[in-house]
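The structure appears below as structure tokens.
Source: prediction; values computed, not measured. Below, read A as the first sequence line, B as the second, and so on, with proteins coming before strands; counting in each chain starts at 1.
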2 protein chains.
Amino acid sequence: MSAVRLLDELSHAPQQSEWLDTILKGDCVAALDRLPEKSIDVIFADPPYNLQLDGDLHRPDQSKVDAVDDDWDQFASFEVYDAFTRAWLLAARRVLKPNGTIWVIGSYHNIFRVGAKMQDLGYWILNDVVWRKTNPMPNFRGRRFQNAHETMIWASRDQKGKGYTFNYEALKASNDDIQMRSDWLFPICTGAERLKNENGDKLHPTQKPEALLARIMMASTKPGDIVLDPFFGSGTTGAVAKRLGRHFVGIEREQAYIDAANERIDAVRPLDGAALTVLTGKRAEPRVAFVSLIDTGLMLPGATLYDARKRWAARVRADGTVAVGDSAGSIHKIGAQVQGLDACNGWTFWHYERSGGLTPIDELRRIARLGMERAGA
Amino acid sequence: MSAVRLLDELSHAPQQSEWLDTILKGDCVAALDRLPEKSIDVIFADPPYNLQLDGDLHRPDQSKVDAVDDDWDQFASFEVYDAFTRAWLLAARRVLKPNGTIWVIGSYHNIFRVGAKMQDLGYWILNDVVWRKTNPMPNFRGRRFQNAHETMIWASRDQKGKGYTFNYEALKASNDDIQMRSDWLFPICTGAERLKNENGDKLHPTQKPEALLARIMMASTKPGDIVLDPFFGSGTTGAVAKRLGRHFVGIEREQAYIDAANERIDAVRPLDGAALTVLTGKRAEPRVAFVSLIDTGLMLPGATLYDARKRWAARVRADGTVAVGDSAGSIHKIGAQVQGLDACNGWTFWHYERSGGLTPIDELRRIARLGMERAGA
DNA sequence: ACGCGCAGTGAATCATCCC
DNA sequence: CGGGATGATTCACTGCGCG
């Protein structure tokens, strides 16, 4: 199966069924250009780290670069890498949805050039995330620090791309209720997870651990999202996407990697839906207007609200506003005003008296939501 | 004392005695241009990060974050910032000895541009080193990962600059006889170490911890070496250099910072040689998050957890939360909820089935911790 | 002396919906 | 599209006052 040939042969724009959950064979820019624009939720890219670009971009191999002592020649090599980087980042940006995000992983050899180019092209960096390796290769010559991490850049398509997916609450809950940091600790890919060729040697030189991709997808995608990997290699992105109930699109040039990745992905069993449910917070809850508490009888006009320490009292009015002295307005506005603040969450600030104690009106909102669910609202 | 005026007035090349262990006042490029070429062993540079902040940021308690909005961090565009970066990196390279090295610290806002420019100018990157903060500022809005690290680039002047100083053995000896890694753990600069102005507020918005500079100098300088800092600020580089028996050269524009730094450095007493080896970074106790059990395959999504008496059962989800009925959350939150308590240690409350019996998941944490300790989690 | 509670703070690119 | 309304959100540590 060589899906990219299929795409090339088509005169019409390819249908999603022709590229979804598929490895496209060929150059990543050419393949990206055949995909519809704004069709991808998240991109994970593990681009070549050095100037040794196989195929179209023939350059001196590493030993030759080492021998070069002319600054201009070195600069020329960087220029080629920069042009390559610009081309695929541009093509990737076209297929990304407006609220999509991209992850790029690299080392100090290339990540600075990649990051600068991403900024130049309009990507908006959200975080750089460090993958700390529990078992990095030692520095054998003792001339540098042990290179014990790699760097990932997480960016949205646009500066205004505010609607990107970030499963903050789930990450926090999975991390002892402390928000997830920008430094992650994972072992490198070894053992049974590492794909081997017929000689028993590693199939791919830079196979990434599935746990790393799982963290990325659990953080920045929803079930059913489409994750594209333009440097698919041994197919870690596809294997993890399938397991986690996400769709994938892979782009890869070498048939040997494509074959191994297809076999690997075929063997993956997806998790069932219940195990894939992502914890969401208040943000995802349906909005409840304060006035609807009055509409449903949970709150009566004329009732009195207090802050937690009973320093202020507000009177509930039939129109869903509250009044303190001469001022009236929303629970938020008045809450902010009495405290002399710019903003206030009235739902948690104001309380009502119940059996002698004070209860936040947020409790009434919770009850109202239950009623809405039962009504199928 | 204003040494830069002295240098400007001289027709002859300034003598070392006229700039060594001195703060030069003025623009960093102009000051660097007045120094003799190939005279500096190591440069530490903490340039403006070019933060592009949009509006105020408030903590959840509505207090306002004191942002870095100083004039010196304002640049009209990436082009302007790149030109600034190129200019000072070029001037810095001229004064660096052929076997000298340079450290530059930054965040994702600027470090990629700086790193790419360093490569363009012929610097040869030896490592990128991550400063992991033990106590970073949280992400208050829950829209990104907590920005918990900064990045340093360590580079030699030239690709062939093989004779640079790297105290491999000393670092290894100070690190429990394990090679020093590229990720370092230090607290941010607070408390008594943080310089205050007459109002009791922080004098400088970005004062770096002395421990960080000490690690840098212990790694890449010898006693008696000359360390130059073109963005001297509150003078951390000078204070640490003097304490460790190195010479410093500072360049700074603002007189208030120069005065404070001079006073600070005057108060420093140099250590004798024997005391110089004890400066190791603080190690955090290895924290194991529940999600890392899933990451390492010790726990599978979809698995069932029980309390010790099997009164409750919880389902493990791929996002690292657990679910009982309609409720989901962290192992601690859900453990507390089923018992009707305010708090619960999920590690000891929840168990998994193994060979017929129930074992606390804390046992899995113990196993996971073994794999993480080597990396100084 | 010691513990506890409360306030303060650190290089921050920190919203989304509805009309 | 802009503007107004809604209302979601914090970790580690220091220092001070009080009991």
Side-chain angles (χ1 to χ4, degrees), chain A residues 99 119 123-128 155-156 159-164 166 168-169 172 175-182 280-290 320-321 329-333 335-336 341-350 361-362 365, chain B residues 46-70 72-73 75 78 105-111 131 133-151 187-194 196 200-202 204-209 231 233 282 284 287:
Chain A
N99 61 352
Q119 291 180 309
Y123 288 106
W124 192 246
I125 298 179
L126 299 168
N127 281 110
D128 60 334
S156 57
Q159 180 174 354
K160 298 295 177 195
K162 303 289 191 187
Y164 60 87
F166 180 55
Y168 173 81
E169 291 84 5
K172 182 174 172 178
N175 191 45
D176 276 14
D177 291 319
I178 292 166
Q179 63 180 207
M180 189 67 78
R181 295 168 48 112
S182 57
T280 56
K282 284 185 177 178
R283 258 184 207 97
E285 295 285 310
R287 291 203 172 191
V288 174
F290 180 67
T321 60
S330 72
I331 51 173
H332 314 296
K333 279 270 169 62
L341 297 174
D342 289 335
C344 165
N345 183 343
W347 289 108
T348 52
F349 178 73
W350 293 110
I361 58 173
D362 207 25
R365 179 168 66 162
Chain B
D46 183 9
Y49 285 9
N50 190 24
L51 300 184
Q52 294 165 54
L53 306 176
D54 184 32
D56 291 338
L57 178 65
H58 293 89
R59 298 184 179 83
D61 65 4
Q62 302 295 334
S63 63
K64 189 177 160 214
V65 174
D66 184 16
V68 178
D69 51 5
D70 305 66
W72 47 256
D73 200 40
F75 296 86
F78 282 138
I105 186 168
S107 66
Y108 66 84
H109 311 84
N110 71 322
I111 198 65
W131 168 28
K133 304 180 183 183
T134 59
N135 50 348
M137 194 187 300
N139 183 293
F140 294 116
R141 306 300 294 267
R143 297 300 298 147
R144 305 181 177 192
F145 299 99
Q146 181 183 33
N147 197 359
H149 74 276
E150 295 188 27
T151 300
I188 61 175
C189 183
T190 59
E193 187 185 322
R194 188 91 195 214
K196 306 292 196 304
D201 300 322
K202 59 187 175 191
H204 193 282
T206 71
Q207 185 178 340
K208 295 294 177 287
F231 307 97
K282 175 178 165 184
R287 183 203 295 275

Practice item. Give the nucleotide from the list C:dA11, C:dA12, D:dT6 with an atom nearest to the side chain of B:Arg194. Key: C:dA11
Exercise for review: Answer yes or no: side-chain N or O of B:Lys208 and base N or O of C:dA11 forming a donor-acceptor pair under 3.5 Å.
Suggested key: yes
Check your understanding: Would you call the rings of B:Trp72 and B:His204 parallel, tilted or perpendicular if under 30° counts as parallel and over 60° as perpendicular?
Key -> parallel
**Study point:** A:Tyr168 ring center within less than 6.0 Å of B:Phe145 ring center
**Key:** no
Check your understanding: Using a cut-off of 4.0 Å between protein heavy atoms and nucleotide atoms, how would you tag nucleotides 14-19 of chain C 5' to 3' with B, S and -?
Key -> BSSS--
Study note, to complete from the structure: Quick note, A:Trp347 side chain, CB onward, closest among D:dA5, D:dG7, D:dC11 is D:dG7
Practice item. Quick one: pull up NZ in B:Lys202 and NZ in B:Lys196 and give me the separation to the nearest 0.5 Å. Key: 10.5 Å
Exercise for review: Identify all stems in which DNA chain C takes part, counting only runs of at least 3 consecutive pairs (Watson-Crick or G-U wobble, each distance under 3.5 Å), and give each as one range with another, ordered by first number.
Suggested key: C:2-10 with D:11-19, C:15-19 with D:2-6
Study note, to complete from the structure: B:Val68 has its side chain closest, among D:dC11, C:dA12, D:dT9, to C:dA12
Review point. Touch check for B:Trp131, heavy atoms < 4.0 angstrom, all strands: base, sugar-phosphate only, or nothing?
Key: nothing
Exercise for review: Please state whether the base of D:dG7 and the side chain of A:Arg365 form at least one donor-acceptor pair under 3.5 Å?
Suggested key: no
Review point. Which part of the nucleic acid does B:Cys189 contact within heavy-atom distance under 4.0 Å: base, sugar-phosphate only, or nothing?
Key: nothing
Review point. Using a distance-only test with no angle check, is there a side-chain donor-acceptor pair under 3.5 angstrom linking A:Tyr123 and A:Gln159?
Key: no
Practice item. Answer with base, sugar-phosphate or nothing: what part of the nucleic acid does A:Gln119 contact at a heavy-atom distance below 4.0 Å? Key: base
Atom pairs under 3.5 Å, N or O on each side, protein against nucleotides 5-8 of chain C: can you list them with distances?
none

**Study point:** Straight-line distance of B:His109 NE2 to B:Gln52 CD, nearest 0.5 Å
**Key:** 8.0 Å
**Study point:** Modelled atom types, side-chain donor and acceptor of A:Ser330 and A:His332, under 3.5 Å
**Key:** no
